[in-house]
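Proteins come first, then strands; the chains are lettered A, B, ... in the order of their sequence lines, and each starts at number 1. Since the model is a prediction, treat every value here as computed from it, not as a measurement. What you see below is based on every heavy atom in this structure, not just the backbone, and it leaves out hydrogens, waters and symmetry mates.
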Protein chains: 2
Amino acid sequence: MTETQPTSGFQQLDREGLVQRVAKILSRAIVSGKLAPGARLSESVVARELGVSRAPVREAARLLESSGLVISEPNRGFFVRQVSAKALNDLYGLRLAIEIAVVERLAQNWNDEIDETLTAQVAELHRVAAEETDMFTQVEADMQFHRLMCNGSDNPKFLQVFEQIAIETEFSIMLIGRLYDDPTRIAETHEPILAALRTHDTDAAVKAIRYHISEAQRIVIDQFRLLE
Amino acid sequence: MTETQPTSGFQQLDREGLVQRVAKILSRAIVSGKLAPGARLSESVVARELGVSRAPVREAARLLESSGLVISEPNRGFFVRQVSAKALNDLYGLRLAIEIAVVERLAQNWNDEIDETLTAQVAELHRVAAEETDMFTQVEADMQFHRLMCNGSDNPKFLQVFEQIAIETEFSIMLIGRLYDDPTRIAETHEPILAALRTHDTDAAVKAIRYHISEAQRIVIDQFRLLE
DNA sequence: AAACTGTAGATTGTCGACAATTTACTTGAC
DNA sequence: GTCAAGTAAATTGTCGACAATCTACAGTTT
């Protein structure tokens with residue numbers, strides 16, 4: 001429906017604006033830990049380093065502000081956000097609320113397409129666990145499973161909030177510096193959720209997701225407190 | 001704790017930036033319906049009308065974008081968001097998920113201060129209903145009750161998401177143009193929630209909020225469909 | 001007539017410069 | 001030595017101008 005001209009196999013060339021590119025670079029720098037929490041994000045410095053003017057940098061920073069990676073203080077500039085154990089804990093609280101609603105819907109609107117997608121993602125989880133890939137890949141694969149669930153809920157709002165949560169969560173996990181648990185075990189703990197959804201058992205699915213998120217929360221928070 | 005200089009009763013004079021002021025003006029214009037959904041938000045026109053340069057207008061528009069009032073199309077500018085019945089329905093779905101989590105917490109962490117605050121707000125609801133104030137005031141008072149609940153949940157994340165929801169909801173209700181229900185009845189339907197919370201009855205509170213939100217959802221959506 | 005091409009006007013995207021504000025440092029009084 | 005006031009450098013806030021892009025309309029071809 002979107003493809004109007006399937007004549008030649010030309011690939012859509014990069015039409016994303018300067019602002020988006022700057023935002024991506026900055027967000028990578030923050031999530032990967034190159035910019036420590038609390039660090040000042042100087043417009044002039046970033047602009048000079050990237051060889052652009054300050055205007056796109058400012059807009060990119062505003063974008064990052066709305067995804068919660070940086071905060072702006074009037075007349076003082078942008079700073080990489082400080083995360084506290086409490087804030088991280090609260091984040092998981094929000095995530096639980098969202099994901100409970102999502103699995104409730106999924107259990108009712110279950111179909112083969114979603115089944116296939118989620119099953120494949122659990123397989124992917126096992127694959128990256130076995131191959132012992134880097135932490136970023138592991139965390140991303142985990143998040144992707146939950147993202148797919150939100151996407152399958154048929155409510156874009158859940159996905160929208162989840163994306164925000166995902167960015168902050170990854171940010172915090174990267175801060176911890178190492179994976180919080182055995183990757184294989186993480187892969188396995190997704191299976192009860194899937195099993196419950198397959199049988200349209202709403203209560204079991206809610207219980208499974210509640211357990212899953214709470215476990216992740218406990219482990220991450222424990223690890224995080226060690227840094228404070 | 002925030003007051004460091006309680007010497008004289010001076011009021012904090014307007015230190016909020018130009019961006020915030022522009023954002024507030026635009027947001028008022030959109031929510032009040034002066035700018036119809038789908039309308040283009042021309043930077044140059046707005047800048048000229050307000051007597052400022054385009055830079056602050058752009059930033060304000062970005063701010064509004066993150067609160068969901070406008071959307072930006074690259075190289076084409078900003079447009080007032082179109083809302084569909086489905087989107088509005090989804091919004092209430094998200095709101096329900098959040099508020100369920102909020103009342104669960106409130107039922108457990110109940111204290112006199114919150115009790116007092118919420119009771120006062122229900123009284124306020126009855127007051128504005130009796131005085132037959134304008135719709136905006138009515139809706140705002142309703143939202144304030146739920147905002148106070150989120151605020152009392154001791155999880156700023158819930159409040160943050162709620163604020164986003166509140167803006168979009170008010171926007172949609174203003175679109176409908178008239179109040180969706182009898183104000184007095186609205187005021188009354190908040191009481192079961194409060195009653196359940198007072199007795200720390202989590203299940204009853206969840207049931208009450210579920211009923212409350214679902215009713216509002218049903219009424220608003222029905223009204224909204226008439227516009228489409 | 002329908003569809004493509006080209007051009008002119010308008011709008012957004014980006015930039016460098018100046019004004020306003022904050023920050024760091026120095027100076028001076030107690 | 002400590003604290004306050006004053007000053008200079010650095011940084012953000014805002015602006016007007018130019019470049020890149022889009023939109024609409026006219027002209028041309030089939």
* Structure fact -> From CZ of B:R58 across to P of C:dC15 the rounded distance in Å is 11 Å

* Asked: What's the CD-C1' distance between A:E43 and C:dT14, to the nearest Å?
  -> 14 Å

* **Check: A:N155 side chain, B:D90 main-chain N or O, donor-acceptor pair, under 3.5 Å** => yes

* Structure fact -> Between CZ of B:R21 and C1' of D:dG13 the distance, given in whole Å, is 12 Å

* Nearest to side-chain heavy atoms of A:R40, which nucleotide of C:dT12, D:dT11, D:dC15 -> D:dT11

* **Pair B:E65 + B:R58, salt bridge at N-O below 4.0 Å** => no

* Over how many whole Å does the gap from B:E73 atom CD to C:dT12 atom C1' extend? -> 13 Å

* Whole angstrom value for the distance that separates P of D:dT14 from CZ of B:R48 -> 20 Å

* Earlier contact from the 5' end, DNA chain C, for B:A55 and B:V45 -> B:V45

* If only side-chain N and O atoms of B:S44 are considered, is one of them under 4.0 Å from the OP1 or OP2 phosphate oxygen of C:dA10? -> no

* B:N75 side-chain proximity, nearest of D:dT21, D:dT12, D:dC15 -> D:dT21

* Asked: Can you say whether the rings of B:H190 and B:F145 are parallel (under 30°), tilted (30 to 60°) or perpendicular (over 60°)?
  -> perpendicular

* **Phosphate-side-chain proximity, A:S53 and C:dC15, N/O vs OP1/OP2 below 4.0 Å** => yes

* **Nucleotide of C:dA17, D:dA17, D:dC15 approaching A:R54 most closely (side-chain heavy atoms)** => C:dA17

* To do: Identify whether the distance between the nearest side-chain nitrogen and carboxylate oxygen of A:E73 and A:R40 falls below 4.0 Å.
  => no

* To do: Mind listing the closest non-hydrogen atom pair of B:L69 and B:S27 along with its distance?
  => CD1-CB, 3.9 Å

* To do: Compare the minimum distances between each of C:dT14, D:dG13, D:dC22 and the side chain of A:V19, then state the nucleotide with the smallest one.
  => C:dT14

* To do: Among the candidates C:dT14, D:dC15, C:dT11, find the nucleotide nearest to the side-chain atoms of B:V52.
  => D:dC15

* Structure fact -> Rounded to whole Å, CG of A:L18 lies from P of C:dT12 at a distance of 18 Å

* To do: Using atom CD of B:E59 as one end and atom C1' of C:dT12 as the other, report the distance to the nearest whole Å.
  => 15 Å

* To do: Give a yes/no answer on whether the side chain of A:S42 brings an N or O atom under 4.0 Å of OP1 or OP2 in D:dA10.
  => no

* To do: Whole angstrom is fine here: how far is it from CG in A:L50 over to P in C:dG13?
  => 19 Å

